[in-house]
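Here's the structure, in structure tokens; my notes come after.
Letters go in sequence order (proteins before strands), and every chain restarts at 1.
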Amino acid sequence: MKFQAPRGTEDILPGKSEVWKWLEDTFRRVAERYAFAEIRTPTFEDIELFKRTAGETSDVVQKEMYDFIDKGGRHIALKPEGTAPVVRAYLENNLGGQGQITKLYYIMALYRYGRPQKGRLRELHQTGVELIGSSQPDGDAEVIELTTRFYEEIGLHDLVVTVNSIGETECRNRYREALLEFAQPILLDMKPDERAKCEKNPLRLLDTKSEDLKAKLVDAPDIREYLEADSQEHFEKVLDRLDALRVSYRVDSRLVRGLDYYTRTVFEVESSELGSQSALCGGGRYDKLIEQLGGPPTPAVGVAMGIERAILVLEALGRNPSGLTGIEAFFVCLTEDRNRFAQILQMVRKEGCKIDSDLEFRSAKSQFRQADKSGAQFAVVIGDDELTTGAAKIKNLKNGEESTVPMASISNAIRGSKQ
RNA sequence: GCGACGGUAGCUCAGUGGUAGAGCACCUGACUGUGGCUCAGGGGGUCGCGGGUUCAAUCCCCGUUCGUCGCCCCA
């Protein structure tokens, strides 16, 4: 019996885990600069939390949840998205008392039972922020700017944000009807299940990938003509702020999002490097969600970014994040006195150096080969001669120069020349 | 969940109805304590898993699993 990782999951191995660490560190740094604080929520929640919020028409909830009945008879779901759990925690812990603004960020694993593909795993990871308590367009803009800031800092330039406003519930309902009416003839030649989906949520029509369908929809009504004055004004202010911050964006009235709780501003970033899983991140305002979960009416806006997808884009562009960890020195053992040798390693490690050595009693030649491959700048030679004189030989592997330093100054010698 | 294609050494892949190969990587050696180049030698694969056809299958058939691409959906 050979075990393998469950379908749609992956191991993140050394060589790649460094990129993950770097990406997460960068995200934390950026989010904290905007005064967001980290929140961590449980891996699983009461399934109702997601049913209540993500919407009946959303596939994420309809068919992609990992759910089970636990031993106490509770119906549990592994979280398929991050916003609902964060809002649940926000309400449960009274984070936002008295009209405060709460800024939270997260890095979490999510679970969606779909057919796996590159860039679409069953266990996926997202970073995101939620800005809760402000209805001002300034919040929308700050979240969008933070998002572009993050992508800039991981070396993804020239990404364009697509933004749209889908207004409040009422105007969206009116629009929905108008669109449905326009689309009647189109719906007639669709397959029954596809048609049912579109009839239930006509907005789905808009983000189709079918060129054919797109062509039929060129003259479809435009949602922005249905926006109520407040939403329209809000949207304009967001765009004005993005202009002022020099965030490049594209307005696309066809952009709608898959989760039902969005209101007003929605946005996403795509990359052409990603094939059919092109979205790098998605977000927007969700002013009604908190009420839906039993809280006081509280406006909020947030974004979720796919970590795997960001990494795929970096790989596709051939970016190799530099400055990743490696060892500083490789210690070559040429004495039978392995205890003394180990003590020296212990000392240097206590002093904070990242070092390695051969554990297999291999030849000097082999040890130097390992030193070379390790990428370390130095090989430190400890043999019987060195033990008697109390001074190690340090070889700079880049230029071949050798010098002799007292045992006590090995770490200084390694570090000293680092800058 | 639907359709198509794929799974051979650590990696990238070739190959044939008679139980397998290359390149790279790895290990050892080329005068006793010195790497990156070169040369010589070496280890390593139940050819995804299970069943069937056959005298015989890695190669044919069926099933299954995992992946890739598209759809769906989304991050």
Inset, instruction - Write down the distance between CD (A:Glu123) and C1' (B:rC66), rounded to a whole number of angstrom. - result: 17 Å
Inset, instruction - Check the distance between B:rC27's C1' and A:Gln370's CD and give it to me in whole angstrom. - result: 11 Å
Inset, instruction - May I ask you to check whether over 12 heavy atoms, not counting those of A:Arg29, lie within 6.0 Å of atom CZ? - result: yes
Legend entry - Whole-Å gap separating C1' (B:rC74) and NE2 (A:His125): 16 Å
Inset, instruction - Decide yes or no on ring-ring contact (aromatic ring centres under 6.0 Å, His included) for A:Phe36 and A:Tyr105, but give the supporting numbers first. - result: CA-CA 6 Å; A:Phe36 285 81; A:Tyr105 77 80; 7.7 Å; no
Legend entry - Given B:rG67, B:rG35, B:rG33, the nucleotide with the shortest approach to the side chain of A:Leu334: B:rG33
Inset, instruction - Could you tell me whether the phosphate oxygens of B:rC27, OP1 or OP2, come under 4.0 Å of any side-chain nitrogen or oxygen in A:Ser366? - result: no
Inset, instruction - Mind checking A:Val332 for me? I need base, sugar-phosphate or nothing, with any heavy atom below 4.0 Å counting as a touch. - result: nothing
Inset, instruction - Mark yes or no for a side-chain to base donor-acceptor pair under 3.5 Å between A:Arg120 and B:rA75, with no hydrogen or angle criteria applied. - result: no
Legend entry - Pairing of A:Glu145 and A:Arg149 as salt bridge, 4.0 angstrom limit: no
Inset, instruction - May I ask you to say what A:Gly375 touches in the nucleic acid, namely base, sugar-phosphate or nothing, with a heavy-atom cut-off under 4.0 Å? - result: nothing
Inset, instruction - Please report, rounded to the nearest Å, how far the P atom of B:rU34 is from the CZ atom of A:Phe368. - result: 8 Å
Legend entry - Nucleotide B:rA75, atom P - distance to CG of A:Leu274 in whole Å: 13 Å
Legend entry - Side chain of A:Glu64 (C-beta onward), nearest among B:rA75, B:rC73, B:rG29: B:rC73
Inset, instruction - May I ask you to decide if A:Glu402's main-chain N or O and A:Lys393's side chain share a donor-acceptor pair within less than 3.5 Å? - result: no
Legend entry - A:Ser231 and its side chain to side chain donor-acceptor pair (under 3.5 Å) partner, picked from A:Arg264, A:Arg224, A:Arg285: A:Arg264
Legend entry - A:Ala364 side-chain proximity, nearest of B:rG33, B:rG29, B:rC74: B:rG33
Legend entry - Salt bridge present between A:Lys103 and A:Glu142 (N-O < 4.0 angstrom): yes
Inset, instruction - Scan A:Gly128 against the nucleic acid and name what it touches under 4.0 Å (heavy atoms): base, sugar-phosphate only, or nothing. - result: nothing
Legend entry - Heavy-atom donor-acceptor pair, A:Glu402 side-chain to B:rU34 base, under 3.5 Å: yes
Legend entry - Pair assignment for B:rG63, Watson-Crick or G-U wobble, requiring both distances under 3.5 Å: B:rC49
Inset, instruction - Using a heavy-atom cut-off of under 4.0 Å over every strand shown, decide if A:Ala304 touches base, sugar-phosphate, or nothing. - result: sugar-phosphate
Legend entry - N or O in side chain of A:Lys373 less than 4.0 angstrom from B:rC26 OP1/OP2: yes
Inset, instruction - Confirm from the modelled atom types if A:Lys118 and B:rU68 form a donor-acceptor pair under 3.5 Å, side chain to base only. - result: no
Inset, instruction - Counting Watson-Crick and G-U wobble pairs only, both distances under 3.5 Å, name the nucleotide matched with B:rA9, or none. - result: none
Inset, instruction - Indicate, with a heavy-atom threshold strictly under 4.0 Å, whether A:Glu386 touches base, sugar-phosphate, or nothing. - result: base
Inset, instruction - Can you check whether any acceptor in the base of B:rC72 is under 3.5 Å from a donor in the side chain of A:Arg204, or vice versa? - result: no
Inset, instruction - Round to the nearest Å and state the distance from A:Met65 atom CE to B:rC74 atom C1'. - result: 15 Å
Legend entry - Short side-chain N/O contact to B:rU34 OP1/OP2 from A:Lys365, under 4.0 Å: no
Legend entry - Base of B:rG67 paired with side chain of A:Glu10 (donor-acceptor, under 3.5 Å): no
Inset, instruction - For A:Lys398 and for A:Lys63, locate the closest nucleotide of RNA chain B by heavy-atom distance; then report the residue assigned to the nucleotide nearer the 5' terminus. - result: A:Lys398
Inset, instruction - Assign A:Gly114 to base, sugar-phosphate, or nothing according to its heavy-atom contacts below 4.0 angstrom with the strands shown. - result: nothing
Inset, instruction - Look at A:Arg369 and B:rU34 and indicate whether a side-chain polar atom (N or O) is within less than 4.0 Å of OP1 or OP2. - result: no
Legend entry - Pairwise 5' ranking along RNA chain B for A:Val269 and A:Leu397, keeping only the more 5' one: A:Leu397
Legend entry - Between C1' of B:rG33 and CG of A:Leu387, the distance in whole Å: 13 Å
Inset, instruction - Round to a whole Å and report the spacing from CZ of A:Phe150 to C1' of B:rA75. - result: 12 Å
Inset, instruction - With heavy atoms under 4.0 Å as the rule, sort A:Ile311 into base, sugar-phosphate or nothing. - result: nothing
Inset, instruction - Ignoring hydrogens and angles, answer whether the base of B:rG67 and the side-chain atoms of A:Arg115 contain a donor-acceptor pair closer than 3.5 Å. - result: no
Legend entry - Residues A:Glu386 and A:Arg340 bridged, charged N to O under 4.0 Å: no
Inset, instruction - Respond yes when some side-chain nitrogen or oxygen of A:Gln117 is under 4.0 Å from OP1 or OP2 of B:rG70, and no when none is. - result: yes
